[in-house]
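One structure is given below, encoded as C-alpha cells.
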Amino acid sequence: MAKRGASRQALRIATWNINSVRLRLPLLQNLVTDLAPDVICLQETKCPDEAFPHEGIAALGFTHRLIRGMKGYNGVAVLSRLPITLREDDPDWCGKGDCRHLGVMLDAPGGPVELHNFYVPAGGDIPDREANPKFGHKLDFVAEATRWFDARGAKRAVLVGDLNIAPLEHDVWSHKQLLDVVSHTPIEVEGLIGWQKAAGWHDALRHFVPEDQKLYTWWSYRARDWRAADRGRRLDHIWVSDDLAGKLSRHQVLKDARDWPQASDHVPVLVEFTP
DNA sequence: ATGGTGGACTATCCA
C-alpha cells in the first residue's frame, strides 16, 4: 500500500548535484531512504550515456529514467517512479550540446506535469564577460532561458536544478563579501530574478523559509570544517508555476548529506505538492 | 593569508 495515506495524491520531487553519479551511486540509497522522492533530478552526473548505472538505480525503484550525459563534465538525469517522456523539442541552450538541461513530461496524478532539470554554467572565477568567457556563457544561458520561458509561459510546471546563482541576501553567508563573487553578483541575480519572473515561477523553498532566514544548499570542499564555518550558498532551486504554488505541502533541505561519506558539495533538496 | 579540496582522467580542466 502507498505509505502517505493522508496525502496519497502528493508528488515529491528532489534535486541534487551529485558530482559523479558513478562515484556516488551508493549515496542515492541514502537520499531515497531520507526523502522518499517520487522523482529525482540529478546534475553533474559526469557520465557518458553508455556508462550510466541504470541497474543500480532501477534497483532503488526508479524504473523510469531519462539521461543526457557526456564524458567528464556536466550531465543531467531524471529518475522517476512514475512514467516520464522526453520533451524532444526543447532548446539546445547556447547551441553547445553540453548536457545541461533535460525537459520531461511526468505522468502525474491529476494529469501531466512539465518538469525541467537544469545545470546552469558555474561561470568561472572572474565576473566579467570580456575577461572570462565562462561568465559570458552563464549570462547568455540565463538570458536565453528567460526569453524562452517568457514566450511559452508555464502551467503545471516545475523547474529544478543547480542554477549556480544565489539570488537573495540570505542565500549566502555574507551578502557584502560575495557581491563580487561569481554566483551572487548583481548582474547574475538580476538575470535569475528575470528568469523567475518570465513565466511566473514561484520559488518553492522560499515559500516555506522566510527571506530573512539563511538558507544554503552548497558548502565548498575547501573548508576544514564546513559546518563550523557555515559559509554556504543557495545554488540549488525548485520553482513551480503559479498554478501549483498554492498546492505546495512541504520542503526539505537534506543538510546532513554534506556529511555522508565522500559527500557531494551540494545537498539534496525536495518539495512535495499535489498537482 | 588570495590558499584551500574534489572528480574526471593522464596533463590539466572544471567546479
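Every chain is numbered from 1, with letters handed out A, B, ... down the list of sequences. Computation of the quantities below employed the complete heavy-atom set of this structure, encompassing side-chain atoms and omitting hydrogens, waters and symmetry-equivalent molecules.
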- request: Classify the angle between the aromatic ring planes of A:W93 and A:W148 as parallel (below 30°), tilted (30 to 60°) or perpendicular (above 60°).
  value: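 Taking A:W148 first and then A:W93, their aromatic rings stand perpendicular (interplane angle over 60°).
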
- prompt: Under 30°, 30 to 60°, or over 60°: which ring-plane class applies to A:F118 and A:H101, parallel, tilted or perpendicular?
  reply: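 Aromatic pair A:F118/A:H101 classed parallel.
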
Can you tell me how far [atom2] of [N] sits from [atom1] of [X], to the nearest Å?
X      : N      : atom1 : atom2 : value
A:H266 : B:dA15 : NE2   : P     : 11 Å
A:W260 : B:dG6  : CH2   : P     : 18 Å
A:M70  : B:dA8  : CE    : C1'   : 12 Å
A:N17  : B:dA8  : CG    : P     : 12 Å
A:D162 : B:dA15 : CG    : P     : 10 Å
A:I18  : B:dA15 : CD1   : P     : 18 Å
A:Y119 : B:dG7  : OH    : C1'   : 11 Å
A:R227 : B:dT5  : CZ    : P     : 20 Å

query: Of the options A:V32, A:T15, A:I18, which is the one that meets A:I40 in a side-chain contact (heavy atoms from CB on, under 4.5 Å)?
result: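 Among A:V32, A:T15, A:I18, the one meeting side-chain contact (heavy atoms from CB on, under 4.5 Å) with A:I40 is A:V32.
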
Using the [atom1] atom as the reference point in each nucleotide, state the distance between [N] and [M] in Å, no decimals.
N      : M      : atom1 : answer
B:dT2  : B:dT12 : P     : 25 Å
B:dC14 : B:dT10 : C1'   : 15 Å
B:dA1  : B:dA11 : P     : 38 Å
B:dC9  : B:dC13 : C1'   : 10 Å

Could you list the donor-acceptor pairs under 3.5 angstrom formed between side-chain atoms of residues 47-59 of chain A and any protein atom two or more places apart in sequence or on another chain?
| unit_1 | atom_1 | unit_2 | atom_2 | d |
| --- | --- | --- | --- | --- |
| A:D49 | OD1 | A:G69 | N | 2.7 |
| A:H54 | ND1 | A:R65 | NE | 2.8 |

query: Is any side-chain N or O of A:K134 closer than 4.0 Å to OP1 or OP2 of B:dC14?
result: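 For B:dC14, OP1 or OP2 has a side-chain N or O of A:K134 closer than 4.0 Å.
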
message: Check the phosphate of B:dG3 against A:R224, side-chain N and O only, distance under 4.0 Å to OP1 or OP2. Yes or no?
response: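 Negative; the distance criterion is not met.
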
message: Using heavy-atom distances to pick each residue's nearest nucleotide on DNA chain B, tell me which of A:N164 and A:K46 is more 5'.
response: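 Upstream on the strand: A:K46.
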
query: Between A:G72 and A:Y221, who's closer to the 5' end of DNA chain B by nearest nucleotide?
result: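 Its nucleotide being nearer the 5' end, the pick is A:Y221.
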
- prompt: Under 6.0 Å from the six-membered ring centre of A:W226 and within 45° of its axis: does the NZ or CZ of A:R258 meet both?
  reply: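 Judged by the rule (NZ or CZ under 6.0 Å from the ring centre, within 45° of its axis), A:R258 counts as positioned above A:W226.
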
- prompt: Base, sugar-phosphate, or nothing for A:R231, non-hydrogen atoms under 4.0 angstrom?
  reply: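 It contacts nothing in the nucleic acid.
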
- request: Mark yes or no for a side-chain to base donor-acceptor pair under 3.5 Å between A:R222 and B:dA15, with no hydrogen or angle criteria applied.
  value: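 Between B:dA15 and A:R222, which were checked side chain against base, a qualifying N/O pair under 3.5 Å is present.
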
